[in-house]
Amino acid sequence: MPIELNHTIVETRDQDAGAAWLAEVLGVPAPTRFGPFTVVEVAHGTSLDFMDVDDPHPQHYAFLVPDDEFAVIAARLRDRGVPTYADPGHRRSGYNTNDGGQGAYFDSPEGHNLEILTRPYGSGG
């Protein structure tokens, strides 16, 4: 069996709000509860399990999205007034065209550095 990422914990001050925001932006099903977590399911059975903590440590989460979904997600971010950046350090506004695809970085409400991209790194283009 190949190794796949099954889930990861996302620290937040308000797990329900953080999970709902991400699910809405990505256009995936509404979050569900599992034990102490609020869970956002993405492709291939992978989930982001939101957990309340007093002092969240910002992390980076990158999402490979289909070309046609990139524009839809970018529009959701624009509608919410969330700035997007072409680089992970948030120095250049907008989007990038790395590897012949499209990519953008943006912050979640809890300060995580999120990324959407249409081509995996190093895939050429």
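Contact of the Gln59 side chain with the Val10 side chain is not registered, since no non-hydrogen atoms from C-beta on lie closer than 4.5 Å. For the pair Phe50/Asp14, no side-chain contact is recorded, criterion being any heavy-atom separation below 4.5 Å from C-beta on. Under the 4.5 Å side-chain criterion, counting only non-hydrogen atoms from C-beta, Thr8 is in contact with Tyr61. Contact annotation: the side chain of Asn113 never approaches that of Pro58 to less than 4.5 Å [non-hydrogen atoms, C-beta and beyond]. The shortest side-chain heavy-atom distance between Val40 and Pro31 falls under the 4.5 Å cut-off. Side-chain contact check for Leu117 versus Val65: every heavy-atom pair is 4.5 Å or farther apart. Counting heavy atoms from C-beta on, the side chains of Glu4 and His44 come closer than 4.5 Å. Side-chain contact between Pro56 and Arg13 is present, with heavy atoms from C-beta onward closer than 4.5 Å.
His60 NE2: more than 12 foreign heavy atoms inside a 6.0 Å radius.
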Show, in sequence, the C-alpha distance, side-chain angles and deciding distance for Gln102 and Tyr95, and conclude whether the side-chain hydrogen bond (donor to acceptor under 3.5 Å, both in side chains) test is met. CA-CA 7 Å; Gln102 298 179 83; Tyr95 308 103; over 6 Å; no
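When hydrophobic side chains of Ile, Leu, Val, Met, Phe, Trp and Tyr are connected at separations under 4.5 Å, Leu5 ends up as a singleton with no cluster partners. Chaining together hydrophobic side chains whose heavy atoms lie under 4.5 Å apart leaves Ile3 on its own.
Residues meeting the ring-ring contact (aromatic ring centres under 6.0 Å, His included) test with His90, sequence neighbours left out: Tyr85.
Results of the side-chain contact (heavy atoms from CB on, under 4.5 Å) test with Val53 over Glu110, Glu11, Gln15 single out Glu11 as the only residue that passes.
Shown here for Gly101 and Thr118, the closest heavy-atom pair between the two residues is CA-OG1, 3.2 Å.
Side-chain atoms of Asp49 do not come within 3.5 Å of backbone N or O of Phe37 as any donor-acceptor pair.
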